[in-house]
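For reference, positions follow the sequence shown, starting with 1.
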Amino acid sequence: MCWSATADLASGAVISAAGVVCLVRVRRARDLPVAALPLLLGAHQLVEAAVWGTGGGCSPAATAWAVIALPLLAVWVPAGVLLAAAPGARRRLWGPMAAGLATAAVLSYCLALRPVTAEIRGHTIDYGVNVPWMPLVLTGYLFATLGSLLLGGDRRLRTLGVVLAAGALACSALWRLEFASTWCAFAAVASLLVWGWVRRPDTAPPVA
């Protein structure tokens with residue numbers, strides 16, 4: 001994944017199609033944000049295919065990629081899990097939600113004032129975003145995204161969180177400079193687990 005424009009196009013198309021299936025099959029309106037996650041991440045891979053096409057540097061495609069990967073996902077994931085969670089689990093999800101909002105605010109500010117650069121390094125892309133207090137911001141980002149999945153109380157979403165946490169460690173160890181690009185590709189593939197979550201047994205009435 002993320003090895004070329006062709007790989008991003010192929011994976012993006014497949015994952016986006018799976019996301020459409022998830023949205024069609026969802027039965028509760030409050031599950032829609034989580035069900036849409038594969039579609040969002042599939043589209044994200046298609047955006048990265050455009051980044052490959054620019055040859056790197058500053059471009060609208062690189063900026064769009066960073067907006068989705070950074071502030072949008074920092075809010076989308078915890079908000080989606082919070083909406084879908086059972087009432088008894090929601091109290092512990094406000095922590096990741098607050099972390100996501102704070103992290104997204106910092107990242108949005110940085111993206112609004114500073115250019116995003118993309119440098120092609122072999123078969124991955126290194127995105128350059130000038131973010132202050134990067135270790136703290138990264139901690140908030142991971143707590144918002146992975147923490148919400150792990151704390152949400154749903155077994156399938158917890159599995160997704162564990163898979164993504166393992167993937168984050170592996171990507172960080174193997175591709176330190178290109179972590180963001182590789183991590184987002186892995187997250188897109190892992191989001192296919194949402195299809196099983198959408199198909200879970202549920203006694204709630206269908207979406208009106």
### Task
Keeping the roles fixed (side chain from R30, backbone from A85), state whether a donor-acceptor pair exists under 3.5 Å.
yes
### Message
For a 4.5 angstrom cut-off between non-hydrogen side-chain atoms, does R90 reach L82?
### Response
yes
### Task
Take T63 and L111 through the side-chain contact (heavy atoms from CB on, under 4.5 Å) test and state the conclusion after the steps.
CA-CA 8 Å; T63 300; L111 292 175; 5.8 Å; no
### W76 versus P33, closest heavy-atom pair with distance
NE1-O, 2.9 Å
#### Entry: L46: side chain to side chain contact (heavy atoms under 4.5 Å, CB included) partners, not counting sequence neighbours
L9, S16
### Query
Under 4.5 Å between any side-chain heavy atoms of C22 and L39, yes or no?
no
### Task
Could you grab the distance from atom OH of Y141 to atom CG of L146, nearest 0.5 Å is fine?
8.5 Å
### Task
Report yes if some heavy atom in the side chain of Y127 is under 4.5 Å from a heavy atom in the side chain of V51; otherwise report no.
yes
### Task
Answer yes if V129 and L113 sit in the same cluster of Ile, Leu, Val, Met, Phe, Trp and Tyr residues linked by side chain heavy atoms under 4.5 Å apart, and no otherwise.
no
### Task
Compare all side-chain heavy atoms of E48 with those of I125 and state whether any distance is below 4.5 angstrom.
yes
## Note on the structure
Taking every heavy atom of D31 against every heavy atom of A84, the minimum-distance pair comes out as OD1-CB, 3.4 Å
I'd like a table of donor-acceptor pairs (distance under 3.5 Å, sequence neighbours excluded) in which one partner is a side-chain atom from residues 92-109, with atom names and distances.
| from | atom 1 | to | atom 2 | distance (Å) |
| --- | --- | --- | --- | --- |
| R92 | NE | L151 | O | 2.6 |
| T103 | OG1 | A99 | O | 2.7 |
| S108 | OG | A104 | O | 2.7 |

### Query
Any donor and acceptor pair, going by atom type alone, linking the side chain of R121 with main-chain N or O of D126 inside 3.5 Å?
no
### Query
If two hydrophobic side chains count as joined below 4.5 Å and joins carry through other members, does F143 share a cluster with M134?
yes
#### Entry: Gap between atom CZ of R158 and atom CG of L149 - 0.5 Å precision
10.5 Å
### Task
Taking the side chain as every heavy atom from C-beta outward, state whether V34 and V194 have any atom pair closer than 4.5 Å.
yes
### Task
Might you point out which heavy atoms bring C58 and T117 nearest each other, and give the distance in Å?
SG-CG2, 3.5 Å
### Closest non-hydrogen atom pair, V116 against A62
CG1-O, 3.7 Å
### Task
Would you please test L73 and L40 for side-chain contact (heavy atoms from CB on, under 4.5 Å) and show each step?
CA-CA 9 Å; L73 283 180; L40 175 64; 3.7 Å; yes
### Task
Kindly say whether W65 contributes a backbone atom to a donor-acceptor pair with the side chain of H44 at under 3.5 angstrom?
yes
### Message
Is there a path of hydrophobic side-chain contacts, each under 4.5 Å between heavy atoms, that joins L72 and L142?
### Response
yes
#### Entry: Hydrophobic cluster partners of L83 (side-chain heavy atoms under 4.5 Å)
none
### Task
Locate the shortest heavy-atom distance separating A35 from V26; write the atom from each residue and the value.
CB-CG2, 4.1 Å
### Query
What are the two closest non-hydrogen atoms of A64 and V47, and how far apart are they?
CB-CG1, 4.1 Å
### Query
Does some side-chain heavy atom of W197 sit less than 4.5 Å from a side-chain heavy atom of L157?
yes
